[in-house]
Each structure stands twice: as structure tokens, then as C-alpha cells.
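These numbers come from the heavy atoms of this one structure, side chains and all, not from hydrogens, waters or symmetry mates.
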Amino acid sequence: MLYDPDGHIEAGLALDRTTHQCLVKAVLAWKGDPGLQAADYHQIALQLTGAARSVAIDVRRAAGLPERRAARALTEYVLNDADRRLAAPLEGTARCAQERARIVRALYEPLDRLTELAPAATS
């Protein structure tokens with residue numbers, strides 16, 4: 001994972017959606033505390049934070065097109081909520097990792113809606 005707090009490098013990288021979704025699914029499947037070390041939870045939360053920021057960049061890029069004004073309000077809400085939640089400090093806990101997984105999942109929803117609109121906007 002690259003340290004890129006301003007998102008300059010991530011903006012040019014393709015999303016690894018399959019990996020993100022597999023990690024999100026695994027983390028959200030935890031019932032209670034799976035008994036990992038705090039460093040492991042922290043590393044998982046860090047990975048999910050990077051995924052969330054990467055997805056958010058793509059959502060912002062897709063939402064910025066004028067043809068998508070109808071979807072903009074919900075998208076802006078999701079992005080603002082994700083930004084607020086991502087600002088919370090990382091903790092080495094299962095709860096923190098699951099919160100980051102929920103953020104990634106929530107960001108893929110508007111990205112999918114905006115991506116579905118793309119063919120209609122380009123024809």
C-alpha cells in the first residue's frame with residue numbers, strides 16, 4: 001500500500017474491486033471478536049481505508065459529470081459521510097475494521113449507480 005494522503009497516486013490506479021469485496025465480505029462475516037492481534041486488525045483497517053479512499057476518488061470522478069446531476073445529492077451525502085467516518089483514528093479492533101468495511105461497501109453503491117448511467121451519457 002502506498003502512502004498518498006492527497007490521493008495523487010491513487011487517482012491513476014485502477015480499483016481492485018474483487019480484492020476489496022472479498023476483504024469486506026470476510027470482515028463483515030465476523031461474529032464477535034475473531035481473536036486476531038491488534039496489529040492485524042490495524043493492518044486490515046488500514047487496507048480498507050485505502051480501498052475506501054480509492055473508491056471515493058472514482059465516485060467523485062463519476063459524480064462530477066453534468067449528466068449525473070440527479071444522482072448527485074445522494075452521492076454527495078455518501079461521500080461526506082465516508083469522509084467523516086474515515087477521519088476517525090484507526091484502532092486495532094475488530095469493530096474498527098468492520099466500520100471501514102461498511103464504508104467501502106457503502107461507497108460501491110453510488111459508484112455502481114453512476115457507472116450504470118455512463119453508457120447513456122456517452123451515446
Side-chain angles (χ1 to χ4, degrees):
M1 175 166 293
L2 302 171
Y3 177 71
D4 182 25
D6 297 322
H8 298 293
I9 297 170
E10 290 177 340
L13 299 177
L15 291 174
D16 188 0
R17 185 176 184 141
T18 303
T19 302
H20 294 170
Q21 288 180 319
C22 288
L23 183 57
V24 166
K25 184 177 179 179
V27 169
L28 292 178
W30 293 341
K31 302 297 181 213
D33 188 344
L36 300 175
Q37 297 292 318
D40 295 330
Y41 291 126
H42 190 272
Q43 197 59 244
I44 292 166
L46 188 60
Q47 184 74 23
L48 289 165
T49 299
R53 293 191 193 288
S54 185
V55 176
I57 288 169
D58 277 5
V59 171
R60 281 187 175 88
R61 189 177 306 130
L65 300 175
E67 296 85 14
R68 301 207 176 44
R69 287 190 183 144
R72 189 176 308 249
L74 179 58
T75 301
E76 287 300 320
Y77 173 81
V78 171
L79 286 168
N80 290 336
D81 184 56
D83 288 342
R84 181 187 55 76
R85 292 163 61 192
L86 287 170
L90 290 177
E91 301 171 2
T93 64
R95 184 188 59 73
C96 179
Q98 287 181 320
E99 175 65 14
R100 300 297 164 127
R102 286 184 199 93
I103 295 169
V104 173
R105 184 179 61 189
L107 285 166
Y108 269 117
E109 292 172 10
L111 181 61
D112 289 344
R113 280 192 301 277
L114 292 167
T115 302
E116 287 172 6
L117 294 173
T122 59
S123 24

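Side chains of Gln47 and Leu23 form a contact here, defined as non-hydrogen atoms less than 4.5 Å apart. Proximity of Ile44 to Arg100: side-chain heavy atoms (C-beta onward) are nowhere separated by under 4.5 Å.
The shortest heavy-atom contact between Ala97 and Ala45 is CA-CB, 4.1 Å. Residue Leu107 comes nearest to Ala52 through the heavy atom pair CD1-O, 3.3 Å, listed as atom of the first residue, atom of the second, then distance. Ala101 approaches Val24 most closely through the heavy-atom pair O-CG1, 3.7 Å.
Ring geometry for Tyr108 against His20 counts as tilted: the plane angle lies between 30° and 60°, on a 0 to 90° scale.
With respect to Asp83 and Arg60, a salt bridge is recorded, a charged nitrogen being found less than 4.0 Å from a carboxylate O.
Atom CG of Leu111 and atom CD1 of Ile57 lie 12.0 Å apart (nearest 0.5 Å). To the nearest 0.5 angstrom, Glu99 atom CD is 10.0 Å from Leu28 atom CG.
No donor-acceptor pair closer than 3.5 Å links the side chain of Asp81 to the backbone N or O of Tyr77. No donor-acceptor pair closer than 3.5 Å links the side chain of Ser54 to the backbone N or O of Gly50. Side chain of Tyr41 to main chain of Leu36: a donor-acceptor pair is present (N/O by atom type, distance under 3.5 Å, no hydrogens or angles).
Here the rule is side-chain contact (heavy atoms from CB on, under 4.5 Å) with Arg53, and of Leu86, Leu48, Ile103, Val104 only Leu86 fits it.
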